[in-house]
A.B. asks: 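The structure under discussion is supplied below as structure tokens; questions concerning it will follow.
Residue numbers count from 1 along this sequence.
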Amino acid sequence: MENDEAVAKLRGWFSGRLPEEWFEGGVEIVLDREEIAVVGRLRAPALGDDVSEVERSAAMEGGILRFREESRERRVEIALEAERRFRRKVSWGVAVGDEKVMFTTLSVPVMTRLKQSERQVLDTLVAAGVARSRSDALAWCVRLVGNHTDTWLADLRDALQHVDRVRAAGPDMNS
């Protein structure tokens with residue numbers, strides 16, 4: 001199934017399963033081979049304009065924790081159902097204001113082959129105490145690249161979705 005279509009199907013399924021009072025608007029679905037991440041937008045706490053940023057931040061954190069605890073049992077139930085149905089693990093998160101917090105995420109091992117010069121980069125990060133292991137160092141590098149190339153990666157994902165749409169519109173090669 002094409003990724004856009006799969007995400008739309010998942011978004012619809014979760015929208016039908018989630019209690020309406022949980023989130024403002026629809027949920028964001030992020031999908032890969034192993035995981036479905038479901039992120040819903042919580043209502044920002046009703047605070048006056050004269051509230052300090054420290055108080056506003058603490059109120060958002062408290063609201064996130066309250067939602068996490070109060071919804072845990074139901075989220076687990078929905079996740080188990082989705083995992084059986086879609087054969088992927090489900091992760092949960094929320095967004096409030098500009099903040100996004102993931103409650104659960106899946107860490108998946110990834111095998112890679114690196115040349116000596118590339119392994120030396122990882123070993124330097126470990127020796128400097130930036131990472132505990134080569135695996136942590138590689139994850140750190142991936143996050144660093146992701147943080148600094150958001151626009152480039154977004155353009156690349158858009159291009160890949162376009163390629164998927166063009167392939168889907170082409171002749172069926174299985175006939």
Side-chain angles (χ1 to χ4, degrees), residues 1-110 130-132 135-161:
M1 181 171 6
E2 185 179 325
N3 199 39
D4 287 345
E5 195 176 306
V7 169
K9 179 177 181 178
L10 288 166
R11 190 179 306 107
W13 188 87
F14 277 98
S15 294
R17 293 294 289 126
L18 297 174
E20 290 179 21
E21 66 274 8
W22 276 9
F23 303 123
E24 286 187 333
V27 292
E28 173 190 355
I29 300 289
V30 180
L31 176 66
D32 69 13
R33 292 180 198 159
E34 294 86 16
E35 182 177 18
I36 302 165
V38 181
V39 180
R41 179 157 295 282
L42 296 178
R43 287 171 198 76
L47 302 171
D49 294 335
D50 58 340
V51 173
S52 71
E53 268 311 302
V54 171
E55 188 174 345
R56 188 174 309 282
S57 178
M60 286 184 358
E61 181 181 344
I64 291 168
L65 291 173
R66 178 176 36 83
F67 174 80
R68 183 177 187 181
E69 291 303 317
E70 290 176 358
S71 67
R72 176 175 280 126
E73 189 175 312
R74 187 78 174 111
R75 284 186 295 109
V76 168
E77 183 181 303
I78 293 168
L80 289 173
E81 186 179 340
E83 288 169 5
R84 282 190 302 272
R85 182 179 182 105
F86 301 110
R87 298 173 193 228
R88 288 182 172 95
K89 288 293 186 183
V90 174
S91 301
W92 294 95
V94 294
V96 180
D98 294 336
E99 188 171 349
K100 182 177 179 179
V101 177
M102 294 303 295
F103 300 153
T104 54
T105 56
L106 188 62
S107 292
V108 178
V110 178
V130 172
R132 294 180 309 232
S135 178
D136 286 343
L138 186 56
W140 183 87
C141 290
V142 169
R143 283 190 303 273
L144 182 66
V145 169
N147 289 341
H148 292 287
T149 59
D150 285 341
T151 303
W152 182 79
L153 287 174
D155 289 347
L156 185 58
R157 287 184 189 108
D158 288 344
L160 288 171
Q161 288 176 350

A.B. asks: To the nearest 0.5 angstrom, please state how far the CG atom of L18 sits from the CZ atom of R74.
C.D. replies: 8.0 Å
A.B. asks: For G97 versus R41, what's the shortest heavy-atom pair and its separation?
C.D. replies: O-NH1, 3.0 Å
A.B. asks: What distance separates E5 CD from L10 CG, expressed to the nearest 0.5 Å?
C.D. replies: 11.0 Å
A.B. asks: Do you know which two heavy atoms are closest between L106 and E35, and how far apart they sit?
C.D. replies: N-OE2, 3.1 Å
A.B. asks: Do the non-hydrogen side-chain atoms of I78 and W92 ever get within less than 4.5 Å of each other?
C.D. replies: yes
A.B. asks: Quick check: do T104 and K89 have side-chain heavy atoms less than 4.5 Å from each other?
C.D. replies: no
A.B. asks: Which heavy atom of W22 sits nearest to which heavy atom of L42, and what is that distance?
C.D. replies: O-CD2, 3.6 Å
A.B. asks: Could you state the interatomic distance from CZ (R75) to OG (S91), rounded to the nearest 0.5 Å?
C.D. replies: 10.5 Å
A.B. asks: Mind checking the CD-CZ spacing from E69 to F103? Nearest 0.5 Å is all I need.
C.D. replies: 9.0 Å
A.B. asks: About how many Å separate CZ of F23 and CZ of F67, when rounded to the nearest 0.5 Å?
C.D. replies: 3.5 Å
A.B. asks: Donor-acceptor pair, S57 side chain versus E53 backbone, under 3.5 Å?
C.D. replies: no
A.B. asks: Could you check whether any side-chain heavy atom of M102 comes within less than 4.5 Å of a side-chain heavy atom of V39, counting everything from C-beta outward?
C.D. replies: yes
A.B. asks: Can you tell me if CD on E34 sees more than 12 non-hydrogen neighbours from other groups inside 6.0 Å?
C.D. replies: yes
A.B. asks: Kindly compute the distance separating CZ (R85) from CG (L80), expressed to the nearest 0.5 Å.
C.D. replies: 15.0 Å
A.B. asks: Evaluate side chain to side chain contact (heavy atoms under 4.5 Å, CB included) for L31 paired with R88, printing each intermediate quantity in order.
C.D. replies: CA-CA 9 Å; L31 176 66; R88 288 182 172 95; 3.5 Å; yes
A.B. asks: More than 12 non-hydrogen atoms from neighbouring residues, nucleotides or ligands closer than 6.0 Å to CD on E20, yes or no?
C.D. replies: no
